[in-house]
Novice: 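The structure under discussion is supplied below as structure tokens; questions concerning it will follow.
Throughout, a chain's letter reflects where its sequence line sits, starting with A, and its residues are numbered from 1.
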Amino acid sequence: MKPRVRFAPSPTGYLHIGGARTALFNWLYARHTGGTFILRIEDTDAARNSQEAVEVILSGLRWLGLDWDEGPLTGDATGASKGNCGPYFQSQRKENYQRRVEALLSRGLAYEHEGAVKFRMTREPITIHDLVVGDVVRKLTDREEVDPDFVILRSDGQPVFHLVNVIDDLEMDITHIIRGEDHLSNTAKHIALFQAFGVKPPHYAHIPLILNGDGSKMSKRDTGASLTSYLDDGFLPEAVINYLCLLGWSPKDNREKLSRAEVIERFDLPQILRHNARFDYEKLLWLQGEYARELADDRFYELAVHAFAKAEIDTNKFPLAYVKAALDTCKGKFKLFSELPAYAGFYFRDEIIYQPDDAKKVFIPENKPRLEKLRDAFTKLSENQSPITFDQFWNSLSRGGKSLMGDEYRITEDGQLHILSPKNENKDFHITKETVAKYFEILSQKKSDDFKYDFGTYFYRVFLTIRNSFEAATLELALKATATELGVKAGVLIHPTRLAVTGNPHGPSLYHLLEVLGKEKSLARIEKAFEKFS
RNA sequence: GACCCUAUGGUCUAGCGGUUAGGACACUGCCCUUUCACGGCGGUAGCCCGGGUUCGAUUCCCGGUAGGGUCGCCA
């Protein structure tokens, strides 16, 4: 018999990233084995559930490309579905539960208690044969020793999770239950229920949980907990899928970037890891960059236009060829589509918006390994020569002219510790607006010393208008020649020009963006910038 | 409190009774480079602790510690 697996979320209004991975692993197992992937909505808590909340789940799974073979087609609990084991909403399966509970009652396996119905739970330890964790012997806890029985029907007549979960898995012929490890302890109850119904329990596979970057439990409020946030931030579903595969599962051959088909081929339950994994946003971002770079043009344009639209930039007002040419200069240069409006908005805006200076700051909290090292060192010193201040600590690091890690340190007045990377005077590659302002100044001085014309007018008119062609290659040659003529490095011309035209010290290739932007716009912006800066 | 799971650099992981403990992200040095990004070549950093088994333990066993989960008329 082919495996039948299911993803059974509760519609709470959002899809947890951990839930998405549970869905993914179920889906992968079904696709790998040629089995069936079922989506079931556990909406027993009527007060909390809504059609919108179900839609969030459906759209999330669709975005990830996790198609289900059986399950609802819309968020409407009474609406259409596919598959022979419906309905796939628990709110529509009440009679089944009632019937099953009555059977248990009549056989003395359950009993009424204060208006509710409780299941007579065995007091013996139950062994769970888990495909990931191995055999687990679950004993009763001290509280359960007092009363091992648990409620299966509330006093208001509503069935409880443990009951409905088991009944549906039973009636839907689920063969493998792949779910989060948070259910491992509960599994003993479920096995006991299956046995009470006279059925052999399905196979279990409990997968490790996803934790926050700091190792704490990822809860609803944590950033990145909701799948929707990845869609909103402009992530690609293939990047998210790939990353999720790598959390708690390994192809075991050092591959990191795997296509969907490759994962389906390799995926199996025994390779699932047994320990929880922390969510590493940086690594996801890396994969995002990998996939973003190799996006097919059509899809790239579509996503880019959408990203601009979200930032209220209407690219449709521009000729299609212009939009495409503009976007071509950006491809492979950014990772998240949410970055695009700030990165390339200058192509489509009349006014230049001077973007905030995003030069990298070397501030200790972003530098965890070192921070921990420093903390260790500080702790040791504090223990040995207490009391010690941060100043003394720093002095000890600097003793003999060498710092601990070969870097310079500085402690500010508020006690914050900063690391200053060694300065390299030969490098001016980290362009900030400050640097650019300096270049403007150099250019202004050139004007008074060497030229009798207004510099901005002179240089840019000559450089940009005298040429017949306004093409990237020509522009590059002309600019470099002019720099030589002026006796300055090319960067002294390049960076002010970039800032003038784009409003950003970083961006696409200057020559290419000038070509796309065109002579008129480029010149107008340059002149305006000279008024502003010089 | 009880029960259950887990433990390889900062993070995700590969691996093995004898290895120079491998890869990726991040960090970092150099090269390339107009910036950003990409790419190339390097670097820092790891087997949680204590016992036991063994000629030998990161690997097997036990204990501790730490992290996570569960013990609901939530799911």
Novice: What is the base-pairing partner of U54(B), counting Watson-Crick and G-U wobble geometry with both distances under 3.5 Å?
Specialist: none
Novice: Look at all strands and tell whether R498(A) reaches a base, only sugar-phosphate, or nothing, counting heavy atoms closer than 4.0 Å.
Specialist: base
Novice: I need the NE2-P distance between H512(A) and C38(B), as an integer number of Å.
Specialist: 19 Å
Novice: Remember a base hit wins even if backbone is also touched, and classify L153(A) as base, sugar-phosphate or nothing at under 4.0 Å, heavy atoms.
Specialist: nothing
Novice: Checking Y301(A) against D328(A): is there a side-chain donor and acceptor pair closer than 3.5 Å?
Specialist: yes
Novice: Among U6(B), A75(B), A14(B), find the nucleotide with the atom closest to the side chain of V160(A).
Specialist: A75(B)
Novice: Please pick, from G1(B), U34(B), C38(B), the nucleotide with the shortest atom-to-atom distance to any side-chain atom of R293(A).
Specialist: C38(B)
Novice: Per the atom types in the model, does the base of C71(B) pair as donor or acceptor with the side chain of S185(A) at under 3.5 Å?
Specialist: no
Novice: Once you apply a heavy-atom cut-off of 4.0 Å, does H206(A) come out as touching a base, just sugar-phosphate, or nothing?
Specialist: nothing
Novice: Is the H113(A) ring parallel, tilted or perpendicular to the Y111(A) ring (thresholds 30°, 60°)?
Specialist: perpendicular
Novice: Regarding N186(A), tell me which of base, sugar-phosphate or nothing describes its non-hydrogen contacts under 4.0 Å with the strands shown.
Specialist: base
Novice: If each of K217(A) and K333(A) is mapped to the nucleotide of RNA chain B with the nearest heavy atom, which maps nearer the 5' terminus, i.e. the 5' end?
Specialist: K333(A)
Novice: Considering only C38(B), U13(B), C5(B), which nucleotide approaches the side chain of K335(A) most closely?
Specialist: C38(B)
Novice: Would you mind reading off the distance between L211(A) atom CG and C5(B) atom P, rounded to a whole angstrom?
Specialist: 18 Å
Novice: Any donor-acceptor pair under 3.5 Å joining the side chain of T141(A) to the base of U70(B)?
Specialist: no
Novice: Between R154(A) and C74(B), does any side-chain N or O lie under 4.0 Å from OP1 or OP2?
Specialist: yes
Novice: Given the C1' atoms of U58(B) and G68(B), what is the spacing between them in whole Å?
Specialist: 23 Å
Novice: Between N504(A) and T502(A), do the side chains contain a donor N or O and an acceptor N or O under 3.5 Å apart?
Specialist: no
Novice: Considering only the P atoms, how many Å lie between A21(B) and C47(B), rounded to the nearest integer?
Specialist: 12 Å
Novice: Roughly how many Å apart are A14(B) and G46(B), using the C1' atom of each and rounding to a whole number?
Specialist: 13 Å
Novice: If we call it a pair only when both distances are under 3.5 Å in a Watson-Crick or G-U wobble match, what pairs with G17(B)?
Specialist: none
Novice: Let me know the distance between CG of L247(A) and C1' of C25(B), rounded to the nearest Å.
Specialist: 12 Å
Novice: Pick the C1' atom in U13(B) and in A45(B), then give their distance to the nearest Å.
Specialist: 16 Å
Novice: Under a 3.5 Å cut-off for both contacts, is C73(B) paired Watson-Crick or G-U wobble with anything, and if yes, with which nucleotide?
Specialist: none
Novice: Indicate whether the side chain of S91(A) and that of D43(A) have a donor and an acceptor atom separated by less than 3.5 Å.
Specialist: yes
Novice: Can you classify the ring geometry of F150(A) versus F119(A) as parallel (below 30°), tilted (30 to 60°) or perpendicular (above 60°)?
Specialist: tilted
Novice: Answer yes or no: does a side-chain N or O of T44(A) lie under 4.0 Å from OP1 or OP2 of A75(B)?
Specialist: yes
Novice: Report the distance from atom CG of L184(A) to atom P of A2(B), rounded to the nearest whole Å.
Specialist: 19 Å
Novice: Return the orientation label for the Y230(A) and F279(A) ring planes: parallel under 30°, perpendicular over 60°, tilted otherwise.
Specialist: tilted
Novice: Determine the Euclidean distance between corresponding P atoms of C5(B) and G51(B); express it in Å to zero decimal places.
Specialist: 26 Å
Novice: Pick the C1' atom in G17(B) and in U53(B), then give their distance to the nearest Å.
Specialist: 11 Å
Novice: Who does G67(B) pair with, Watson-Crick or G-U, both distances under 3.5 Å?
Specialist: C5(B)
Novice: Under 4.0 Å between any heavy atoms, over every strand shown, what does A116(A) touch: base, sugar-phosphate, or nothing? Just pick one.
Specialist: base
Novice: May I ask you to decide if H16(A)'s main-chain N or O and R21(A)'s side chain share a donor-acceptor pair within less than 3.5 Å?
Specialist: no
Novice: When the C1' atoms of G63(B) and G10(B) are considered, how many whole Å apart are they?
Specialist: 29 Å
Novice: Check every strand shown and say whether G507(A) touches a base, only sugar-phosphate, or nothing at a heavy-atom separation below 4.0 Å.
Specialist: base
Novice: Closest nucleotide of RNA chain B for L284(A) versus for E144(A): which of these residues is on the 5' side?
Specialist: L284(A)
Novice: Got a sec, which residues hit salt bridge (Lys or Arg N to Asp or Glu O under 4.0 Å) with D253(A), two or more places apart in sequence or on another chain?
Specialist: R266(A)
Novice: Expressed as a whole number of angstroms, how long is the span from L209(A):CG to G67(B):P?
Specialist: 16 Å
Novice: Between K139(A) (NZ) and C71(B) (P), how many Å, whole number?
Specialist: 19 Å
Novice: Has H275(A) got a side-chain N or O lying under 4.0 Å from the OP1 or OP2 atom of C12(B)?
Specialist: no
Novice: What is the base-pairing partner of G46(B), counting Watson-Crick and G-U wobble geometry with both distances under 3.5 Å?
Specialist: none
Novice: NA contact type, E114(A), heavy-atom cut-off 4.0 Å: base, sugar-phosphate, or nothing?
Specialist: base
Novice: So R143(A), base contact, sugar-phosphate only, or nothing? Heavy-atom distance under 4.0 Å.
Specialist: base
Novice: Which whole number of Å gives the distance between the P atom of G22(B) and that of G15(B)?
Specialist: 14 Å
Novice: How close do Q92(A) and P87(A) get, counting heavy atoms only, and between which atoms?
Specialist: O-CG, 3.4 Å
Novice: What residues in residues 248-259 of chain A put a non-hydrogen atom under 4.0 Å from any atom of RNA chain B?
Specialist: G248(A), S250(A), K252(A), N254(A), E256(A)
Novice: Return the nucleotide paired to C32(B): Watson-Crick means purine N1 to pyrimidine N3 with N6-O4 or O6-N4, wobble means G-U with N1-O2 and O6-N3, both under 3.5 Å.
Specialist: none
Novice: When you get a sec, tell me which of A24(B), C5(B), G10(B) is the closest nucleotide to the side chain of D280(A)?
Specialist: G10(B)
Novice: Starting from P on G69(B), measure out to CD1 on I128(A) and report it in whole angstrom.
Specialist: 17 Å
Novice: Under 3.5 Å, is there a donor-acceptor pair between the D168(A) and Y97(A) side chains?
Specialist: yes
Novice: Using a cut-off of 4.0 Å on non-hydrogen atoms, how would the nucleic acid contact of Y243(A) be classed: base, sugar-phosphate, or nothing?
Specialist: nothing
Novice: Mind checking if K189(A) touches a base, just sugar-phosphate, or nothing, with heavy atoms under 4.0 Å?
Specialist: sugar-phosphate
Novice: Centre-to-centre under 6.0 Å for H506(A) and F334(A), is that the case here?
Specialist: no
Novice: Please state how far atom CG in L140(A) lies from atom C1' in A2(B), giving the value in whole angstrom units.
Specialist: 10 Å
Novice: Scan L510(A) against the nucleic acid and name what it touches under 4.0 Å (heavy atoms): base, sugar-phosphate only, or nothing.
Specialist: base
